[in-house]
Amino acid sequence: MRYAVIAVSIYFKFLFFPTRGEEKCLSSSTGTLNYFQTDYDYRIRPHLNAQGPLLINVSLWIYSIGPISEADMSFRMDFYFTQDWQDDRVYFIDKICNGSREEYAFPKAPVLPSIWRPDTYFPSALDSQLHDSPTPNVAMWVSGYGKVSYGVRMTLVSKCHMQFHYFPFDIQSCTVSMLSYANDKNEVEYRWSNDKGIHIEDISIAQFSLITHKKNETRTIYHHGEYSSLSLTLVFKRHVGYYLIQTIIPSILCVGLSWVSFWIKRDATPARASLGITTVLAVVTLIASDSWSLPRISTIKAIEVYLFICLLFVFGALIEFSAVCYFNKPRYDFKKQAEENYAMVDINDTTNIIDKEERTNKSKMQFAGFDVGKIDVCSRIGFPLVFALINLIYWASYMSITAYSANKHINAD
């Protein structure tokens, strides 16, 4: 009786729970999952005993970039991250039923921990997030030939080492790298997928435009050894329009406003003084406001060069007014003044009064033989001409530098 019970138990076991080698055919994702999980240890990477590292193909589908923060030197990127590798332990192509699928997708998170996955991480990441709206955006595709694909949708905030020498005519290069946290180059090797390694959608970025991108396969050395890594470099060119409207044009208007004092009467001291001081303070405010949105660095930026040029011109207009006021003071000839005090002047003689006023005005306008009135006349022509020349040199220089840098990045291998 006992042997009969044992025989029946063995019969039902093989009938309802066949072993891996005795499975007739696989016709569903549940049966396939149960099949390759038999004697499967997700803690051990594939090809552990094989010669050479496990090859992992990586692809990125970037659908959003930004914002790019100059203050934090960081940028945000939203993308689909997919990794492909070969795992012979999930090979089941010879067990599928006629008409059954050769590849299955497992989108539910509870299934994923039972299958080995790479421990890929991003060294330059400041923050990362896996999306779960409305459900976790994670999936795994298993092919009957042993190919496994693991994909997630994620947001990454990464560091970006920026250079501000030519700001706001600058071109910034931001690099994102990825590698295994525990497996060195002898165990895991990363490669960009040949057909779909990098795909970037038509992206609109505030204040920037993406001019090119470069992908590389490199080696990273840590204290534990040398690791296989991938890097993606995104090259951004800044839009000058915002700073042209907010900073450069107002500074030009302040410089032009300071020149109005050259047409104001020299005797109108309060008007010319208030105009000069106001324009100087306005340019100083523009310089201070420009530094608020940028990190506090010692590098002199291109926009600061321009603002300091404008500050020099408005300050020069104020110095010109001071010079005119100084040289416009009346100069007395004491000998001549004494003669006039003792001279018999007929008050009713209109001709003598007019001659006295002319002599007084002439003494105000001349100093050591120099006509003070010519200072304003020369300033009306000299200041605009010099400012226009400096602007021509400034814009030609920085525009050529920006074009050269952009072409250098685009033509780089």
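Residue numbers run from 1 in the order of the sequence given.
- Proximity of a side-chain donor or acceptor of Glu217 to a complementary backbone N or O of Trp192 within less than 3.5 Å is detected.
- Side-chain N or O atoms of Gln172 include one that pairs as donor or acceptor with a backbone N or O of Gln163 at under 3.5 Å.
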Apply the test side chain to side chain contact (heavy atoms under 4.5 Å, CB included) to residues Ile375 and Ser379: give CA-CA distance (whole Å), side-chain angles for both, the deciding distance (0.1 Å), then the verdict. CA-CA 6 Å; Ile375 297 178; Ser379 297; 4.2 Å; yes
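- Taking the salt bridge (Lys or Arg N to Asp or Glu O under 4.0 Å) definition, one finds that Arg380 meets it with nothing, sequence neighbours left out.
- Within the structure, side-chain hydrogen bond (donor to acceptor under 3.5 Å, both in side chains) pairs that include any residue of residues 385-400 comprise Tyr306-Asn391, Asn391-Trp395 (at least two apart or interchain).
- The CD1 atom of Ile381 sits 7.5 Å away from the CG atom of Leu385 when rounded to the nearest 0.5 Å.
- Applying the salt bridge (Lys or Arg N to Asp or Glu O under 4.0 Å) criterion to Glu304, with sequence neighbours excluded, gives Lys301.
- Among all heavy-atom pairs drawn from Ile44 and Trp116, the shortest one is O-CD1, 3.6 Å.
- Of the residues listed (Thr218, Thr220, Leu230), the one engaging Leu179 in a side chain to side chain contact (heavy atoms under 4.5 Å, CB included) is Thr220, and it is the only one.
- Contacts of Asp184 classified as salt bridge (Lys or Arg N to Asp or Glu O under 4.0 Å), with partners at least two apart in sequence or in another chain: none.
- By the 4.5 Å heavy-atom criterion applied to side chains, Val138 and Tyr150 are counted as neighbours.
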Residues Ser149, Gln83; criterion side chain to side chain contact (heavy atoms under 4.5 Å, CB included); working and verdict: CA-CA 6 Å; Ser149 298; Gln83 303 174 87; over 6 Å; no
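- Applying the side-chain hydrogen bond (donor to acceptor under 3.5 Å, both in side chains) test to every pair with at least one member in residues 271-281, sequence neighbours left out, gives these pairs: Arg272-Glu320, Arg272-Asp376.
- Considering only heavy atoms from C-beta on, Met178 comes within 4.5 Å of Leu60 through its side chain.
- Nearest heavy atoms, Phe383 versus Ala317: CE2-N, 3.7 Å.
- When Ile200, Asn216, Thr175, Ile62 are each tested for a side chain to side chain contact (heavy atoms under 4.5 Å, CB included) with Leu232, only one passes: Ile62.
- Remark: Tyr63 pairs with Tyr80 by the ring-ring contact (aromatic ring centres under 6.0 Å, His included) rule, at least two apart or across chains.
- Side-chain atoms of Asp78 and His131, non-hydrogen and from C-beta on, do get closer than 4.5 Å to each other.
- Under the 3.5 Å distance criterion, the side-chain polar atoms of Ser322 are matched with a main-chain donor or acceptor of Leu318.
- Every salt bridge (Lys or Arg N to Asp or Glu O under 4.0 Å) that Arg238 has, sequence neighbours left out, goes to Glu70, Asp170.
- For Ile300, the CD1 atom sits in a loose shell: 12 or fewer heavy atoms of surrounding residues, nucleotides or ligands are nearer than 6.0 Å.
- Rounding to the nearest 0.5 Å gives a distance of 7.5 Å between CG of Leu312 and CD1 of Ile390.
- Note that the OG atom of Ser405 and the CD1 atom of Ile401 stand 9.5 Å from one another [nearest 0.5 Å].
- In terms of the side chain to side chain contact (heavy atoms under 4.5 Å, CB included) criterion, residue partners of Glu226 (sequence neighbours excluded) are, by chain and number, Lys185, Arg219, Ile221.
- Residue His239 comes nearest to Phe208 through the heavy atom pair CE1-O, 3.0 Å, listed as atom of the first residue, atom of the second, then distance.
- Atoms OG1 and CD1, from Thr120 and Ile56 in turn, are 5.5 Å apart once rounded to the nearest 0.5 Å.
- The CG atom of Asp132 sits 7.0 Å away from the CD atom of Gln129 when rounded to the nearest 0.5 Å.
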Please set out all donor-acceptor pairs under 3.5 angstrom arising from side-chain atoms of residues 252-263, sequence neighbours excluded.
unit_1 : atom_1 : unit_2 : atom_2 : d
Ser258 : OG     : Val255 : O      : 2.5
Ser261 : OG     : Ser258 : O      : 2.9

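- Of the possible donor and acceptor atoms, one in the side chain of Ser69 sits under 3.5 Å from a partner among the backbone N and O of Asp72.
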Taking it one step at a time, do Tyr243 and Phe167 satisfy side chain to side chain contact (heavy atoms under 4.5 Å, CB included)? CA-CA 10 Å; Tyr243 300 95; Phe167 177 89; 3.4 Å; yes
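- For the atom pair CD of Glu187 and CZ of Arg45, the computed distance is 5.0 Å after rounding to the nearest 0.5 Å.
- The disulfide (SG to SG under 2.5 Å) analysis of residues 114-181, with sequence neighbours excluded, yields the pairs Cys160-Cys174.
- Annotation for Pro53 and Glu189: closest pair CG-OE1, 3.6 Å, computed over non-hydrogen atoms.
- Checked options Tyr181, Phe81, Tyr190; the residue passing with Tyr121 is Tyr181 (criterion: ring-ring contact (aromatic ring centres under 6.0 Å, His included)).
- Thr233 and His213 form no side-chain donor-acceptor contact under 3.5 Å, judged by distance and modelled atom types alone.
- Using a 4.5 Å heavy-atom threshold, the side chains of Lys159 and Leu126 count as touching.
- Annotation: Phe122, atom CZ; neighbour count of heavy atoms from other residues, nucleotides and ligands within 6.0 Å is above 12.
- When every heavy atom of Leu307 is checked against every heavy atom of Leu286, the shortest pair comes out as CD1-O, 4.0 Å.
- In this structure Ser158 satisfies the side chain to side chain contact (heavy atoms under 4.5 Å, CB included) test together with Phe75, Ser124, Leu156, Val176, sequence neighbours excluded.
- Here the side chain of Asn137 pairs a donor or acceptor atom with the backbone of Thr135 at under 3.5 angstrom.
- When all heavy atoms of Arg117 and Met140 are compared, the pair lying nearest together is CG-CE, 3.5 Å.
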Evaluate the criterion side chain to side chain contact (heavy atoms under 4.5 Å, CB included) for residue pair Leu311 and Ile287; output intermediate values, then yes/no. CA-CA 9 Å; Leu311 180 62; Ile287 295 175; 4.1 Å; yes
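- In this view, Phe315 satisfies the ring-ring contact (aromatic ring centres under 6.0 Å, His included) rule with no residue, not counting sequence neighbours.
- In this structure, Ile68 and Met162 have side chains that are in contact, with non-hydrogen atoms separated by less than 4.5 Å.
- Taking the side chain as every heavy atom from C-beta outward, Trp85 and Leu55 never approach each other to under 4.5 Å.
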